[in-house]
Amino acid sequence: MLNKAIAAEMQVSIQYMWQHVQWSGVKGFAVKDELENIAKQEMKHAEMIAERLFYLGGIPTTKPDPIFVRENLKDMIEQNMKDEENAIKLYKQIIERARKEGDETTNRLFREIMQQEEDHHDTFSTLDEEI
Ligand SMILES: [Fe+2]
Ligand SMILES: [Fe+2]
């Protein structure tokens, strides 16, 4: 489960960073900095989860999930909303599992990360209404 999370975090980190690079037009200008910020947060998530996995005796995957940069801003934002929804779903499962196993640290880590994913989801859904 932690490697699934790492693969997803690497995916969105690269995805948002390349979306940040490939911006165009007025609307693209308005969102490019936020895409960079969120990309960096996702890379930090990948790092934190990898640290935890390694501590628990696992080896972090180096393979991101398939990356979808998309061609226009609307498609990018809608793709990103889906990816954030999937992350939230997976992290709820991880929190539940960690709770059952009495793993407080993993539980706390994913609560913290999930809160940021909810912020990202909120950002992308708000942008989606305007684009
Ligand atoms: Fe993340
Ligand atoms: Fe996110």
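This chain uses plain numbering: 1 for the first residue, then up along the sequence. Note that ligands are numbered from 1 as they come in the structure, with each ligand's atoms numbered from 1 the same way.
Using a 3.5 Å distance cut-off with no hydrogens or angles, the side chains of Asn80 and Asp83 do not pair a donor with an acceptor. With hydrogens and angles left out, the side-chain atoms of Glu118 and His121 include no donor and acceptor closer than 3.5 Å.
A donor-acceptor pair under 3.5 Å is formed between the side chain of Lys74 and the backbone N or O of Asp128. No side-chain donor-acceptor contact under 3.5 Å links Thr61 to the backbone of Asn3.
Between the Fe ion (ligand 2) and the N, O or S atoms of His120, the shortest distance is to ND1. Looking at Glu117 and the Fe ion (ligand 1) together, the shortest N, O or S contact belongs to OE2.
The Fe ion (ligand 1) lies at the vertex of an angle of 150° between the OE1 atom of Glu42 and the OE2 atom of Glu9 (rounded to 10°).
In summary, Asp119 places no N/O/S atom under 2.8 Å from the Fe ion (ligand 2), failing the contact criterion. Taking 2.8 Å as the criterion, His45 counts as a coordinating residue of the Fe ion (ligand 1), since one of its N, O or S atoms falls below it. Taking 2.8 Å as the criterion, Glu84 counts as a coordinating residue of the Fe ion (ligand 2), since one of its N, O or S atoms falls below it.
The number of heavy atoms from other shown groups lying within 6.0 Å of CH2 (Trp18) does not exceed 12.
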